[in-house]
Each structure stands twice: as C-alpha cells, then as structure tokens.
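Before any comments, here is the structure.
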Amino acid sequence: MAEKSKILIIGGTGYIGKFIVEASAKSGHPTFALIREATLSDPAKAPLIDNFKKSGVTLLYGDMYDHESLVKAIKQVDVVISTVGHMQLADQGKIIAAIKEAGNIKRFFPSEFGNDVDRVHAVEPAKSAFQIKAQIRRAVEAEGIPFTIVSSNCFAGYFLPTLVQPGVTAPPRDKVVILGDGNPKAIFNDERDIGTYTIKAVDDPRTLNKILYIRPPKNIYSFNDLVSLWENKIGKTLERTYVSEEQLLKNIQEAPIPINIVLAINHSVFIKGDHTNFEIEPSFGVEASELYPDVKYTTVEEYLDQFV
C-alpha cells in the first residue's frame, strides 16, 4: 500500500471544511489545517479546534493572505484542499500562486462543493458566484496544476431540514411551497459523505484532472418526489402551492443579500434542473458512488427520519 498523501485543508473550520478535515483524519491521511490567529481566539471555534487536535490534525498557523505562511504550509504536504467560503472564492488565486511557488503539490481541490459551474443556467446573483468558481478552474488549468473538482450538489443540511421552505426551522406538516412544476431532479448529499468521497478521491488516479460528481442514485429527487417521501413518513398529505418561474425571478430581484443568492441557486437547481440535466462524460467527469461502492452513504430517506 502506497503511503497516504499529506493533506492541507484551507478553510477547515468552515461549514463544509470541518467535514473534510474529519474525513481526512479518520481515513489515516496525515492531515493539516491552516488556521488563522483570529480563529484561534474565537470562542465559537474552540470546540472545533479541540476536536481537530483530538483527531490528530496538525494545526499550521497562517493565512491565505500571507504568502510566506501559505507557501510554508503548502511545502509540508502533497495535496491542498480549499474549502474557503463565498467571500474568499475569488482570492483563491493566492493559493494557486503559493502552490506554483512551492512546486511540490500533487493535487489541488479548489473550493467548489456545489453545482458544476461549467454546466449551469443561473441568473444573478448566483451567476456571478458561479462565474468566480469557473474563473478559478480556468486559472488552475492555465497553470497546469493537477486538480480534482468536487461537485457535491446540495448540502443535505442546508435543504432537507426545512424541505427547502424559507424561514422555517423544521420540515412542514401542513402546507408546502414548491418551486416551478416540481419535476426537475436535484441531488442531496449528507455533508459527512461529501467529506468521505472527497478524501477517497485524493490519491485516486481516476479522479485526476476530472470533476468528481456526487450523484448517488438514492439521493436524486424531484421537489414533488421529496414532498411525497415526506408525506409518506408523516402519514399526512400536505397542501401544495406552486411558485412559477416568473414569480421566483421577481422574488430574486426584490430579495436582500444573501437571500437573493439562495433563491437564485434554488432557481438553478429546482427550475433549470442543473444537477441532472446533463450526462457525466468520461472526458470530464466521474461519479463518486460508482467509483466507491464501498461507501455506505446516507440516503435522503434515512436523513429525513430524524425529523419525523
């Protein structure tokens, strides 16, 4: 068995980052997290930092905006995974520059973990956010840095606890609002599984310079099917209201930041069907549950059980 690659996660204390750090440590990869001074003194992050230490994660102190500390951190590892948030996406050029200078990186995973931004039909403001990710892809390709892109579609934790209903804290029990006609199919993945699949891809030659799509067959649902599944679980029929595309576009125009971004992503996913309206071609992509059939992923049905 070849030695497992050393992995650096940048943005490891963020929403999806912590699941990737956890999966990396659990799978026996020497795992490093780049931590800023400000994060260390943030009481809200303390339990997470403690968990990292207990799992054997090496904390490297530095900052994406401090070139020297970034290069120094990158020189200690083989693989860099960026999970930086929305506001830092455009600044990943700094990571690319540091990887080029360090000269030792076998694989870079830019911060993606959503729709395939090269295959979306998005409206503003999601369109611009997706374009930033696409620009980072082009920059990675132009520099000849070996890469893997993870297209993990919907985070289950964002969408399923509310059944995509705005302004609620639990799935609906009487009425439900459905976007469009409710027929395009979307994909919902448990964040822990996204972590597991991402780390599986790190040393896999089949994912090199490819997009890894996380499209497990049991997690593909139309909005209508999702509501029907929930109705079966609670033994109750919900009153369904359908919001037309025209109305949703108007809502996006009128909504404040960041609600407008969320609504525009919902438009791409649930009206345009951007998760499933294209085939994965071997020339550009591979599918995670096919590559790693040994991963027992959490199905949407199992995920919803906790809310019944």
Side-chain angles (χ1 to χ4, degrees), residues 9-11 14-17 19-20 64 80-96 99 107-156 158-159 164 179 184-189 191 194-195 197-198 201 207-216 219-220 248-249 252 257-258 260-288:
I9 295 105
I10 301 173
Y15 181 77
I16 196 64
F19 294 100
I20 292 174
M64 190 164 129
V80 176
I81 301 177
S82 169
T83 57
V84 300
H86 181 70
M87 302 309 284
Q88 281 91 41
L89 287 174
D91 296 333
Q92 291 177 103
K94 297 182 186 308
I95 301 175
I96 293 170
I99 287 174
R107 192 95 60 108
F108 175 47
F109 290 64
S111 188
E112 288 262 349
F113 308 103
N115 289 20
D116 176 2
V117 296
D118 284 334
R119 290 169 184 84
V120 285
H121 306 80
V123 297
E124 291 297 2
K127 186 179 180 181
S128 293
F130 290 157
Q131 276 169 348
I132 292 168
K133 287 184 176 179
Q135 284 158 3
I136 293 297
R137 288 187 186 190
R138 303 293 84 83
V140 170
E141 291 161 356
E143 292 291 2
I145 295 168
F147 67 87
T148 299
I149 303 289
V150 178
S151 175
S152 56
N153 301 301
C154 285
F155 294 149
Y158 270 25
F159 290 85
V164 205
L179 303 176
K185 291 190 185 305
I187 305 165
F188 307 87
N189 291 308
E191 290 80 350
I194 295 171
Y197 284 128
T198 299
T207 58
L208 179 61
N209 300 333
K210 292 273 195 289
I211 302 170
L212 177 71
Y213 294 94
I214 306 181
R215 255 191 209 192
N219 289 0
I220 304 173
L248 180 59
L249 290 171
I252 292 167
I257 297 170
N260 57 352
I261 296 181
V262 175
L263 294 179
I265 291 171
N266 287 350
H267 174 268
S268 157
V269 173
F270 298 106
I271 294 199
K272 294 302 184 188
D274 281 341
H275 285 177
T276 54
N277 60 13
F278 62 92
E279 293 300 317
I280 299 170
E281 304 287 347
S283 61
F284 61 78
V286 286
E287 197 284 311

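Sequential numbering from 1 along the given sequence is applied to the chain's residues. These numbers were taken from a predicted model, which means no experiment stands behind them. Quick note: numbers below take in every heavy atom, side chains included, and nothing from hydrogens, waters or symmetry partners.
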Go through the steps for I99 and E143 under the test side-chain contact (heavy atoms from CB on, under 4.5 Å), then give the verdict. CA-CA 10 Å; I99 287 174; E143 292 291 2; over 6 Å; no
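- Contact check for I252 versus P125: side-chain heavy atoms found under the 4.5 Å cut-off.
- Using a 4.5 Å cut-off on side-chain heavy atoms (C-beta onward), Y197 and V150 make no contact.
- Contact detail for S111 and Q92: the closest heavy-atom pair is N-OE1, 2.8 Å.
- In this structure a side-chain-to-backbone donor-acceptor pair under 3.5 Å is missing from N115 to D274.
- Remark: side-chain polar atoms of N189 are not paired, donor with acceptor, to backbone N or O of I194 under 3.5 angstrom.
- Residues K127 and E124 are in side-chain contact: their nearest non-hydrogen atoms beyond the backbone lie under 4.5 Å apart.
- Of the inter-residue distances, the one linking I220 atom CD1 with T276 atom OG1 reads 7.5 Å to the nearest 0.5 angstrom.
- Using modelled atom types, no side-chain atom of S268 and backbone atom of H121 make a donor-acceptor pair closer than 3.5 Å.
- Distance alone, capped at 3.5 Å, places no donor-acceptor pair between the E191 side chain and the F19 backbone.
- In this structure, CD1 in I280 is found 9.0 Å from CG in L212, a value given to the nearest 0.5 Å.
- The shortest distance between side-chain heavy atoms of R137 and I211 falls below 4.5 Å.
- To the nearest 0.5 Å, atom CD1 of residue I20 and atom OG of residue S152 are 8.0 Å apart.
- For the pair P184/I271, no side-chain contact is recorded, criterion being any heavy-atom separation below 4.5 Å from C-beta on.
- A donor-acceptor pair under 3.5 Å is formed between the side chain of R215 and the backbone N or O of H275.
- Remark: the backbone N or O of A201 is paired with a side-chain donor or acceptor of T207 at under 3.5 angstrom.
- Inter-residue side-chain proximity for F159 and V269 is flagged as unmet; no heavy-atom pair is nearer than 4.5 Å.
- Across all non-hydrogen atoms, the minimal contact from A134 to V117 is N-CG2, 3.7 Å.
- Here D118 contributes atom CG and F284 contributes atom CZ; the two are 9.5 Å apart, rounded to the nearest 0.5 Å.
- How far CZ of F270 is from NZ of K185: 12.5 Å, rounded to the nearest 0.5 Å.
- Aromatic rings of F278 and Y213 (six-membered ring for Trp) have centroids within the 6.0 Å cut-off, being under it.
- Here the side chains of K133 and L89 are in contact, with some heavy-atom distance below 4.5 Å.
- Counting heavy atoms from C-beta on, the side chains of T198 and F113 come closer than 4.5 Å.
- Counting only distance, with no hydrogens or angles, the side chain of T83 and the backbone of G11 share a donor-acceptor pair below 3.5 Å.
- Listed for the N153 side chain is no donor-acceptor partner under 3.5 Å among the backbone atoms of F188.
- Here the straight-line distance linking atom CG of N209 with atom CZ of F147 works out to 4.5 Å at 0.5 Å rounding.
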